[in-house]
There are 2 protein chains.
Amino acid sequence: MLVGQMKRRYSQLCGVATALDMIGDRWALLILRDLLLGPMRFSEFTTSLPGIGSNTLTSRLKALETAGVVQRRLLALPEGGTAYELTEYGRELEPILLALGRWGGKRMGSGLGEMVTNSRWFAAALLAYRNERQEVDPATTWELRLSDGPFTVRGEGTQLTVTAGAPESADLIVSAADRDMYMLLAGQVKPSEAIESGAVTLSGDEEALERLVSVFVFPTPAALGVQTSSP
Amino acid sequence: MLVGQMKRRYSQLCGVATALDMIGDRWALLILRDLLLGPMRFSEFTTSLPGIGSNTLTSRLKALETAGVVQRRLLALPEGGTAYELTEYGRELEPILLALGRWGGKRMGSGLGEMVTNSRWFAAALLAYRNERQEVDPATTWELRLSDGPFTVRGEGTQLTVTAGAPESADLIVSAADRDMYMLLAGQVKPSEAIESGAVTLSGDEEALERLVSVFVFPTPAALGVQTSSP
DNA sequence: CGGTATCCGCAAAGATACTG
DNA sequence: CAGTATCTTTGCGGATACCG
C-alpha cells in the first residue's frame, strides 16, 4: 500500500530499456503525443484519451513528472488552474514520436470501425509529414479551424511549428472538417474544388493557401484513404 | 478462451497509437532491440530477457509476427531449428530504436545495483553512437570478443553494420570485457594503455584499431560512468 | 531444443463514485 | 476542474508440467 515497491522495471543496463522504464507504460506515449502541440489540462486528457481512467492518468502524469519528462505549470488567470507540458528533455522525444507515428501510419486503418478521431492527432500528423526541404517564405501564420477547435501553424524559413489554439492574428484562416482538411493538404482534392464545394472555407490572404499545401508531403497511398490489411 | 479478445487496443486513428497497438506491449520493443543484431532463437530470448516468462514470450512473438514486424525462419542444418528475425517493415524501426536508446541512455545508471548487462545490448549501442560523418576506409571487418560472445563490425565507406556472431575472417580481433571495450571505444582509456594493462588484447592488423575507435562518438559524460539521479 | 498449457498470486488497468 | 478512494478485472511473472 504505502510501500513503493519499485513497480515493474526492466532494470537492464541499456538505453532502450531505460527509456521504456520511463515512458513504456501503457498510455504514456499517447500522453506525450498529445503534449507535442502544447500544454494540456487534466480534464483535457480524460476526453482526449477515451478509456484511460482518472486514476491511471494521475499515476502516469506523476511518473512522467518524476522522470523529468513532463512538468506541471500554473496557468495564467483567466480560466486559471494547472496544466502539464513537456520538459526540455521530454521535447527531445518529438522526432522519435513523429517517426514512430509515420511508421505506424503505414498500417493505420481508414477511419472506419470503432476508431476514435481527434483533431489534435491530425494536427500532430502535420508535423510528421512536413516537407523539410520546403521553406516557408515569407513567414506566415495560418489558423486551422478543425472539428475539435483551432490550431496554429507558423512557418518561417525552414522552421515550422504547430500548436493547439488560435493565434493572435493569422494571415489566413482555413476552416474544414478534419477529413476535408486532410484531403486538401494531402493533395487529394484541388483547393479550388474544395472551396467551391464548401468543404473548405477561407478567410484572409487566400494566396497563403498554396504555401500551406506545399509544406506537407503525405505518403502516396494516403493515410486516410486505403485500408492496409495484408492477406 | 479461444475467441480473439482483441486485447487492449487503443483504437485511435493515429499513427503513434497504431504503432503502439503493434509494439507497445511490455517486452515487445526489447525483443525488437535484440533482433537488431540478427536472428534470435526462442531460448536465447529467455536468457537475454530475464523475467519475461515463456508464455509471455510466445504471446509477444506471435503478435509481432501477426503484425508483420517479425518473421520465423528455419535455420540452416548444423544446429537447425527455428529463429526469429525482423521483417523489412520491422527493420524500419532501427533508427527509431537507436534514437530511443540514445534518449534513454542520458538517464541510464552506471552499472551498479541490480542492473542486468548483456554484450548484445552493448553491441547495439555501437550502432546508436556511430559517428555518421566518419567513413571507414579501407573497408574493414572487426571481430569483437565480448563477455557473452563474438560480434562482427563491418565498415565500408559510410556504411557500418554490427551483427552477432563471428565473421568468417576479420582484419582484427579485439577481445575485452564489455566495460573495458566501452572504455576503449569511448576514448576513456588510450589504446596503448588498455593493451599494456591486458584489459584488451588484439589479434590481426593492429593498425585497424585506430579506425575502429574513430567510428564511434559516445556522449561526453559517459553513459557508463556517471549516475544521473536528480534530487 | 522449441515451445504449449495450466495454475497461482500480484500489481496494473478499468469503472465508478466521491470530494476539495 | 483536478484529482482521490474503492472495487473489480485482467494482464503479467513465476513455477511447473507436458509434448513433438
Side-chain angles (χ1 to χ4, degrees), chain A residues 1-12 17 20-31 34 39-66 70-85 116, chain B residues 1-12 17 20-21 23-31 39-65 70-85 114 116:
Chain A
M1 266 237 226
L2 286 180
V3 195
Q5 46 243 23
M6 69 180 229
K7 321 238 204 109
R8 254 202 298 242
R9 313 280 74 163
Y10 293 115
S11 297
Q12 296 181 357
L20 292 176
D21 280 342
M22 293 188 277
I23 59 166
D25 284 334
R26 193 166 162 73
W27 295 110
L29 276 180
L30 297 186
I31 289 172
D34 279 358
M40 295 258 296
R41 296 161 163 276
F42 189 92
S43 60
E44 291 180 290
F45 282 116
T46 64
T47 66
S48 166
L49 300 176
I52 189 175
S54 55
N55 44 6
T56 305
L57 178 58
T58 299
S59 167
R60 286 296 164 279
L61 288 172
K62 277 213 178 89
L64 290 172
E65 200 183 343
T66 303
V70 156
Q71 61 196 5
R72 296 175 53 136
R73 213 189 54 186
L74 296 171
L75 290 180
L77 260 186
E79 310 305 313
T82 62
Y84 296 85
E85 62 186 2
V116 181
Chain B
M1 254 301 171
L2 283 182
V3 194
Q5 50 251 20
M6 68 179 233
K7 318 234 211 109
R8 255 202 298 240
R9 312 281 74 162
Y10 293 116
S11 298
Q12 295 182 358
L20 292 176
D21 279 343
I23 59 167
D25 284 334
R26 191 165 163 75
W27 295 110
L29 276 180
L30 297 186
I31 289 172
M40 294 258 295
R41 295 159 167 277
F42 189 91
S43 59
E44 291 181 290
F45 281 117
T46 65
T47 66
S48 166
L49 301 177
I52 189 176
S54 59
N55 43 9
T56 305
L57 178 58
T58 299
S59 166
R60 287 296 166 280
L61 287 172
K62 276 212 178 92
L64 290 172
E65 200 183 343
V70 156
Q71 60 195 6
R72 296 175 55 136
R73 211 189 56 185
L74 296 171
L75 290 181
L77 260 186
E79 311 303 316
T82 60
Y84 296 86
E85 63 186 1
E114 289 301 312
V116 181

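As the structure is a prediction and not an experimental result, all values here were calculated from the model. Residue numbering restarts at 1 for every chain, and letters A, B, ... go by the order of the sequence lines.
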The residue, A:A83 or A:Y10, whose nearest nucleotide of DNA chain D is more 5′ is A:A83

Please work out if A:T82 contacts a base, only the sugar-phosphate, or nothing of the nucleic acid, heavy-atom cut-off 4.0 Å.
sugar-phosphate

Please classify the nucleic acid contact of A:Y84 as base, sugar-phosphate, or nothing, using heavy-atom distances under 4.0 Å.
sugar-phosphate

Spacing of [X] atom [atom1] relative to [N] atom [atom2], expressed in whole Å:
| X | N | atom1 | atom2 | answer |
| --- | --- | --- | --- | --- |
| A:D21 | C:dA12 | CG | P | 13 Å |
| B:L57 | D:dA15 | CG | P | 16 Å |
| A:R9 | C:dA11 | CZ | P | 14 Å |
| B:L49 | C:dG3 | CG | P | 14 Å |
| A:F45 | D:dG3 | CZ | P | 11 Å |
| A:L74 | D:dG3 | CG | P | 11 Å |
| B:L30 | D:dC12 | CG | C1' | 15 Å |

Can you see whether B:Y10 has A:R26 sitting over its ring - NZ or CZ less than 6.0 Å from the centre and within 45° of the normal?
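Satisfied, under 6.0 Å and within 45°.
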
Let me see the working for B:I31 and B:L57 under side chain to side chain contact (heavy atoms under 4.5 Å, CB included), right down to the final yes or no.
CA-CA 9 Å; B:I31 289 172; B:L57 178 58; 3.9 Å; yes

Is the side chain of B:T58 donor-acceptor paired with the backbone N or O of B:S54 at a distance under 3.5 Å, no angle test?
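Between the backbone of B:S54 and the side chain of B:T58 there is a qualifying donor-acceptor contact (under 3.5 Å).
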
How close do A:R41 and A:T82 get, heavy atom to heavy atom, and via which atoms?
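So the two residues come closest at CG-O, 3.8 Å.
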
Sorted by chain and residue number, the salt bridge (charged side-chain N to carboxylate O under 4.0 Å, His left out) partners of A:D34 (sequence neighbours excluded) come out as none

Is the phosphate of [N], meaning OP1 or OP2, less than 4.0 Å from a side-chain N or O of [X]?
| X | N | answer |
| --- | --- | --- |
| A:S43 | D:dA2 | yes |
| B:R60 | D:dG13 | no |
| A:K62 | D:dT4 | yes |
| A:S59 | C:dA13 | no |

Quick one, B:L61 and B:E65 - any side-chain contact, counting heavy atoms below 4.5 Å?
no

Could you check whether any side-chain heavy atom of B:D21 comes within less than 4.5 Å of a side-chain heavy atom of B:Q12, counting everything from C-beta outward?
no

Please enumerate all protein N or O atoms sitting under 3.5 Å from an N or O of nucleotides 18-20 of chain D, with distances to 0.1 Å.
none

Report the distance from atom CE of A:M22 to atom CG of A:L29, rounding to the nearest 0.5 Å.
11.0 Å

Please encode protein proximity along nucleotides 14-20 of chain C as a string of B, S and -, counting only heavy-atom distances under 4.0 Å.
BBBB---

Between B:Y84 and B:L64, is a side chain to side chain contact (heavy atoms under 4.5 Å, CB included) present by the stated rule, with each step listed?
CA-CA 10 Å; B:Y84 296 86; B:L64 290 172; over 6 Å; no

Among C:dT4, C:dA13, D:dA2, find the nucleotide with the atom closest to the side chain of A:D25.
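Closest nucleotide to the A:D25 side chain: C:dA13.
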
Worked verdict on A:F45 versus A:I52 for side chain to side chain contact (heavy atoms under 4.5 Å, CB included):
CA-CA 9 Å; A:F45 282 116; A:I52 189 175; 5.9 Å; no

